[in-house]
J.: 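Input: one structure, supplied below.
Ligands are counted one by one from 1 in listed order, and the atoms in each one are counted from 1 as well.
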Amino acid sequence: MQPMVYHMPHSESIGASLARALGAEVGALTLRRFPDGESYLRLDTSPKGRDVVVVASLDHPDDKVVPLMLLLETARELGARSVGLCAPYLCYMRQDKRFVEGEAISARVFPRLLERSLDWLVTVDPHLHRIADLDEVYSIPTRTTHASSAIAEWVSDHVDRPLLVGPDEESEQWVRSVAEAAGAPYLVLDKIRLGDRHVRVAVPDLTTWSAHTPVLVDDIISTGRTLVTTVTHLRQAGLRPAVCIGVHGLFADRAMEELRQAGVSDVVTCDSLVHPTNRIALAPVLATAIQELLRTFRDGS
Ligand code: R5P
């Protein structure tokens, strides 16, 4: 039987692309709020006997998680053979340490909540820093897929003489693989975060790169401060206007406006979160990982 894809609000487009790539049926559901703000969910297409793939990108998670749990648990209760989650953007991965005594380590608490209702989980470039692998925090089967080859293809097709730039040590994992796949040079800078909206970036001497187009790559664009600060330094160092690429474009506050004011030549994101800057499709890489997991469930291995 074909798998059944249910997608949550704001994940319709990537959900439809995934369903096509998987040869899956798209299940209908009704989701609304009661007047008191609680969530109501009904599965209008039965999941009975099906391998269910729920597609939900988890930005603004505090609003999305209760409806998601209702969906996952209801699919199970109504007889789904397996229930997996494709979260192109996986939330609560950045607070991965108790920086100050008493803080919640949400990167460890959130998985315990989610995995109770799941057989598997697939995502794209989760923020893995002090936690090296999703298996350290999830006890269900997980697959981490990567946007780097799709980003490298976009860079090769659209940027003249690219110089890949990572704003901080954490970004090296993305920048190095994009640079290798695009056959371009790369640099990794040194960032210190001084607060939610305040970062400092140290930039080395860049005179040898003046004929290149800097392409900044980061996993997440949230307030945009990391990229704005880096772009400003690169411009002061005499480099060409930069192209900024984010795997996940959260664009909190005035991020987009501030990036434009900083003089970027383009802002490009992958389509894990719907935004006008979406230009890089993630469905192909996600579909391959989901097919692999569904095969495991079908074969019972
Ligand atoms: C940091 O650890 C991440 O890799 C990103 O650099 C960060 O989340 C970007 O945040 P913002 O856009 O708020 O500077």
Side-chain angles (χ1 to χ4, degrees), residues 57-62 87-100 103-108 110 123-134 136-137 144-148 151 164-179 186-203 214-235 242-264 266-270 272-278 280 282:
S57 226
L58 296 178
D59 56 322
H60 300 100
D62 296 8
Y89 172 67
L90 183 62
C91 58
Y92 281 123
M93 290 302 299
R94 283 184 288 173
Q95 180 78 31
D96 57 2
K97 178 183 159 181
R98 210 182 312 281
F99 297 93
V100 172
E103 284 180 342
I105 308 176
S106 38
R108 294 192 180 274
F110 183 71
T123 188
V124 185
D125 289 320
H127 189 83
L128 294 172
H129 181 37
R130 278 158 288 257
I131 292 168
D133 194 289
L134 283 184
E136 281 181 37
V137 285
T144 294
T145 65
H146 301 285
S148 46
I151 295 176
L164 276 301
V165 180
D168 53 27
E169 179 204 340
E170 289 148 83
S171 64
E172 177 156 10
Q173 48 188 310
W174 301 288
V175 174
R176 191 185 47 239
S177 44
V178 171
Y186 77 95
L187 294 174
V188 174
L189 309 180
D190 208 3
K191 174 180 93 179
I192 303 171
R193 183 168 284 283
L194 305 165
D196 285 352
R197 292 176 176 74
H198 193 194
V199 298
R200 189 183 299 145
V201 178
V203 176
V215 180
L216 274 61
V217 180
D218 208 353
D219 59 336
I220 295 171
I221 305 177
S222 178
T223 64
R225 294 313 303 166
T226 300
L227 294 181
V228 167
T229 310
T230 312
V231 165
T232 307
H233 283 304
L234 298 181
R235 295 235 55 193
V243 174
C244 292
I245 303 183
V247 179
H248 309 294
L250 291 168
F251 296 105
D253 306 338
R254 297 175 56 247
M256 199 58 206
E257 223 174 306
E258 289 176 9
L259 279 163
R260 284 208 192 93
Q261 281 163 5
V264 297
D266 208 352
V267 180
V268 174
T269 55
C270 300
S272 57
L273 298 162
V274 179
H275 192 265
T277 55
N278 287 168
I280 300 171
L282 295 174

J.: Output the list of atoms in ligand 1 that are nearer than 4.0 Å to some heavy atom of Gly224, sorted by atom number.
T.: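 Listed by number with element, the hits are 11 (P), 12 (O), 13 (O).
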J.: With a cutoff of 4.0 Å, is Ser171 in contact with ligand 1, counting heavy atoms of the residue only?
T.: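 Contact absent.
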J.: For the residue pair Leu216 and Ala242, what are the closest heavy atoms and their distance?
T.: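 That would be CD1-CB, 3.9 Å.
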J.: Within this structure, what is the CG-NE2 distance for the pair Leu273 and His248, rounded to the nearest 0.5 Å?
T.: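 Nearest 0.5 Å value for the CG-NE2 distance: 7.5 Å.
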J.: Side chains of Tyr89 and Asp219: is there a donor and an acceptor less than 3.5 Å apart?
T.: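 No, because no side-chain N or O of Tyr89 sits under 3.5 Å from a partner of the opposite role on Asp219.
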J.: State whether a side-chain donor-acceptor pair under 3.5 Å links Glu170 with His127.
T.: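 Their side chains do contain a donor-acceptor pair, which is all the 3.5 Å distance test asks for.
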J.: Supply the atom-to-atom distance Ser272 OG to Leu58 CG, rounded to the nearest 0.5 angstrom.
T.: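 Answer for the OG-CG pair, Ser272 versus Leu58, is 11.0 Å.
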J.: For atom 10 (O) of ligand 1, grab the closest protein heavy atom and report residue, atom and distance to one decimal in Å.
T.: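 Its nearest protein heavy-atom neighbour is Arg193 NH2, 3.2 Å.
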J.: Which one holds for Asp219 and ligand 1: side chain close, backbone close, both close, or neither close, with close meaning a heavy atom under 4.0 Å?
T.: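 Only the side chain of Asp219 comes within reach of ligand 1.
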J.: Can you pull out the closest protein heavy atom to atom 14 (O) of ligand 1? Residue, atom name and distance to 0.1 Å, please.
T.: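 Result: Thr226 OG1, 2.5 Å.
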J.: For ligand 1, indicate whether the residue Arg94 contacts it via side chain, backbone, both or neither (heavy-atom separation under 4.0 Å).
T.: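 Just the side chain.
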J.: For atom 5 (C) of ligand 1, what's the nearest protein heavy atom and its distance?
T.: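 I find the closest protein heavy atom is Asp218 OD2, 3.3 Å.
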J.: Applying a heavy-atom cut-off of 4.0 Å, say which part of Lys191 lies close to ligand 1: side chain, backbone, both or neither.
T.: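 The part of Lys191 near ligand 1 is the side chain, not the backbone.
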J.: Would you indicate whether Glu172, at its atom CD, is surrounded by more than 12 heavy atoms from other residues, nucleotides or ligands within a distance under 6.0 Å?
T.: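 Yes, enclosed.
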J.: Between Arg225 and Glu258, does at least one N-O distance fall below 4.0 Å, as a salt bridge requires?
T.: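 A salt bridge links Arg225 with Glu258.
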J.: Within the structure, is a non-hydrogen atom of Val228 found at a distance of less than 4.0 Å from ligand 1?
T.: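 Contact check Val228 vs ligand 1: negative.
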J.: Can you confirm, on distance only, whether ligand 1 has an N/O atom lying under 3.5 Å from any N/O atom belonging to Val199?
T.: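 Between Val199 and ligand 1 (N or O atoms, distance only) the closest approach is not under 3.5 Å.
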J.: Look at atom 1 (C) of ligand 1 and say which protein heavy atom is nearest, naming residue and atom and giving the distance to 0.1 Å.
T.: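 Going by distance alone, atom 1 (C) of ligand 1 is nearest to His127 CE1, 3.6 Å.
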J.: Give me the residue, atom name and distance of the protein heavy atom closest to atom 9 (C) of ligand 1.
T.: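 That would be Ile220 O, 3.3 Å.
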J.: Less than 3.5 Å between some nitrogen or oxygen of Thr223 and one of ligand 1, yes or no?
T.: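 Looking only at distances, the answer is yes, because the N/O contact criterion of under 3.5 Å is met.
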J.: Please verify the inter-ring angle class for Phe251 with His275; under 30° counts as parallel, over 60° as perpendicular, anything in between as tilted.
T.: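 Correct class here is parallel.
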J.: Of all the non-hydrogen atoms in the protein, which one sits nearest to atom 2 (O) of ligand 1, and at what distance?
T.: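 That would be Glu170 OE1, 2.7 Å.
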J.: Taking only heavy atoms of Asp168 into account, list the atoms of ligand 1 that are under 4.0 Å away from them.
T.: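 Selected atoms, number and element: 6 (O).
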J.: Between Val217 and Ser171, is any pair of side-chain heavy atoms under 4.5 Å apart?
T.: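 No; the side chains remain at least 4.5 Å from each other.
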J.: Can you name the nearest heavy-atom pair linking Thr144 to Leu134, along with the distance?
T.: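 That closest heavy-atom pairing would be OG1-CD1, 3.5 Å.
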